[in-house]
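In what follows, a single structure is set out as structure tokens and then discussed.
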2 protein chains.
Amino acid sequence: MKKKDNKKFEISELDKKILTSVLDLKESNLNLISKKIKISKSTVHNRIKRMKVNKLIDGFIPIININFIQDQITAISLIKAKYGPEYAEDVGKRLAKIQGIWAVYFVLGSNDFIVLIRAKNKIELENIVNELTKTEGVERSETIMVIKILKEDFSDAYKFMIND
Amino acid sequence: MKKKDNKKFEISELDKKILTSVLDLKESNLNLISKKIKISKSTVHNRIKRMKVNKLIDGFIPIININFIQDQITAISLIKAKYGPEYAEDVGKRLAKIQGIWAVYFVLGSNDFIVLIRAKNKIELENIVNELTKTEGVERSETIMVIKILKEDFSDAYKFMIND
DNA sequence: TTTGAAAAAAAAGCTGG
DNA sequence: CCAGCTTTTTTTTCAAA
């Protein structure tokens with residue numbers, strides 16, 4: 001699956017329909033999608049392939065019920081960078097490399113970054129926070145422990161930005 | 001796929017290996033997983049099926065490259081609930097129902113909740129924030145705009161809590 | 001539970017319209 | 001974009017270890 005470089009890929013309305021359908025079904029079965037949106041299987045197939053080739057779709061991941069994973073720890077860190085915003089992105093890149101940080105958001109306001117952390121246990125969380133604190137360009141950080149995950153739906157994260 | 005209710009399902013080391021493999025490969029191709037972890041295809045198949053039946057795996061979602069979605073808006077809200085923590089979970093449940101909020105974390109510290117928001121545009125974000133503010137039990141909230149997503153890797157969110 | 005082989009199903013690839 | 005047909009790949013089943 002090579003990437004086309006000459007022509008910029010743009011997502012179409014049909015692509016969006018298919019994606020929404022895949023997100024709703026939670027699987028990418030051609031027959032089901034085809035029936036659901038009343039588009040021929042071949043077209044659905046071609047479109048999905050096109051989205052994969054163009055890296056709009058970069059694979060599939062299982063939705064894991066977090067309740068089965070005992071003792072998992074989630075935390076959120078609010079981070080202020082040392083230098084002006086022009087350096088901020090570099091700091092963000094460094095943060096993104098830390099094992100255990102699965103999301104890095106560059107934000108407006110009194111903080112520069114908000115990062116989402118997931119660890120197996122307290123010791124690991126401590127290590128992650130230590131690493132974070134020592135990261136070049138980090139001025140101060142405040143880590144907030146999550147007591148309970150009331151919702152964490154990655155498909156919603158996608159749906160809400162696609163649908164009309 | 002029925003759920004077994006009598007016997008509690010527990011994830012095994014082999015299950016973890018398979019999950020990690022699926023998360024790394026970004027697809028659940030039996031051949032590839034089988035080769036990767038050197039376990040027969042049928043076993044991989046049986047295990048994945050078992051995880052689905054027991055709802056440890058609740059489907060598969062595509063990883064969507066957010067760069068192709070123009071004008072998507074991400075925001076994060078820090079929320080303080082009106083009443084003591086004993087009521088907090090109800091507030092959290094209400095927040096979780098708001099369209100556009102894809103994650104709700106009940107947290108320790110000066111805030112009670114941190115929620116993650118994704119919207120198609122500013123108008124929608126405004127609506128979500130309005131709804132959030134009006135939610136029963138919400139005392140105050142601070143919404144932080146995300147300028148840039150430097151990392152958001154849902155498979156990492158899982159990997160870091162599974163692996164040893 | 002795990003396995004390898006065999007059967008069934010689904011995906012992928014084509015060609016025309 | 002589609003319908004139908006062929007080939008290829010993947011999933012599912014199953015008897016045996």
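Each chain gets a letter, A, B and so on, in the order its sequence line appears, and its residues count up from 1. Being a predicted model, the structure only gives us computed values, none of them experimental.
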**Whole-Å distance separating the NZ atom of Lys49(A) from the C1' atom of dT8(D)** = 13 Å
**Prompt:** What's the CD1-P distance between Ile48(B) and dT10(D), to the nearest Å?
**Reply:** 14 Å
**Message:** Salt bridge check, Lys159(B) against Asp153(B): does any charged N sit closer than 4.0 Å to a carboxylate O?
**Reply:**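 No, no charged N to carboxylate O under 4.0 Å.
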**Message:** Taking the basic N atoms (NZ, or NE/NH1/NH2) and the acidic carboxylate oxygens, is any pair closer than 4.0 Å for Glu131(B) and Lys134(B)?
**Reply:**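 Answer for the salt bridge query: no.
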**Asked** Of the options Arg50(A), Arg47(A), Lys17(A), which is the one that meets Ser12(A) in a side chain to side chain donor-acceptor pair (under 3.5 Å)?
**Response**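 For Ser12(A), the side chain to side chain donor-acceptor pair (under 3.5 Å) test succeeds with only one of Arg50(A), Arg47(A), Lys17(A), which is Arg47(A).
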**Message:** I need the minimum non-hydrogen distance between Pro62(B) and Ile57(A), along with the two atoms involved.
**Reply:**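 Residues Pro62(B) and Ile57(A), closest heavy atoms: CB-CG2, 4.1 Å.
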**Request:** List in numerical order all residues of residues 15-40 of chain A for which some heavy atom is under 4.0 Å away from an atom belonging to DNA chain C.
**Result:**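 DNA chain C contact set from residues 15-40 of chain A: Ser28(A), Asn29(A), Leu30(A).
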**Message:** For the backbone of Ser21(B) and the side chain of Asp24(B), can you confirm whether one donor and one acceptor N or O come within less than 3.5 Å of each other?
**Reply:** no
**Item:** Lys120(A) (side chain) donor-acceptor with Asn163(B) (main chain) under 3.5 angstrom
**Value:**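 Yes, because the side chain of Lys120(A) sits within donor-acceptor range (under 3.5 Å) of the backbone of Asn163(B).
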**Request:** Taking heavy atoms of chain A and a 4.0 Å limit, find me the 5'-most and 3'-most nucleotide of DNA chain C within that range.
**Result:** dA11(C) to dG13(C)
**Message:** Show, in sequence, the C-alpha distance, side-chain angles and deciding distance for Phe113(A) and Tyr105(A), and conclude whether the ring-ring contact (aromatic ring centres under 6.0 Å, His included) test is met.
**Reply:** CA-CA 5 Å; Phe113(A) 298 99; Tyr105(A) 301 108; over 10 Å; no
Under-4.0 Å side-chain N/O to phosphate OP1/OP2 contact, [X] with [N]:
| X | N | answer |
| --- | --- | --- |
| Thr43(A) | dC2(D) | yes |
| His45(B) | dT12(D) | yes |
| Lys41(A) | dG4(D) | no |

**Close side-chain approach of Met51(A) and Ile64(B), heavy atoms under 4.5 Å** =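 They are not in side-chain contact.
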**Message:** Counting Watson-Crick and G-U wobble pairs with both distances under 3.5 Å, what is the dot-bracket string for DNA chain C, 5' to 3', using [ ] for crossing pairs and | for pairs to another strand?
**Reply:** |||||||||||||||.|
**Partner set under ring pair (Phe, Tyr, Trp, His ring centres under 6.0 Å) for Tyr158(A), not counting sequence neighbours** =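 Expected list: Phe154(B).
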Which atom pairs, one a donor and one an acceptor, fall under 3.5 Å between side chains of residues 30-41 of chain A and the rest of the protein, sequence neighbours left out?
| residue | atom | partner | partner atom | Å |
| --- | --- | --- | --- | --- |
| Ser34(A) | OG | Ile39(A) | O | 2.7 |
| Ser40(A) | OG | Thr43(A) | N | 3.2 |
| Ser40(A) | OG | Thr43(A) | OG1 | 3.0 |

**Asked** Any side-chain hydrogen bond (donor to acceptor under 3.5 Å, both in side chains) pairs touching residues 69-79 of chain A, not counting sequence neighbours?
**Response**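 Sorted pair list: Gln72(A)-Thr74(A), Thr74(A)-Arg118(A), Ser77(A)-Thr143(A).
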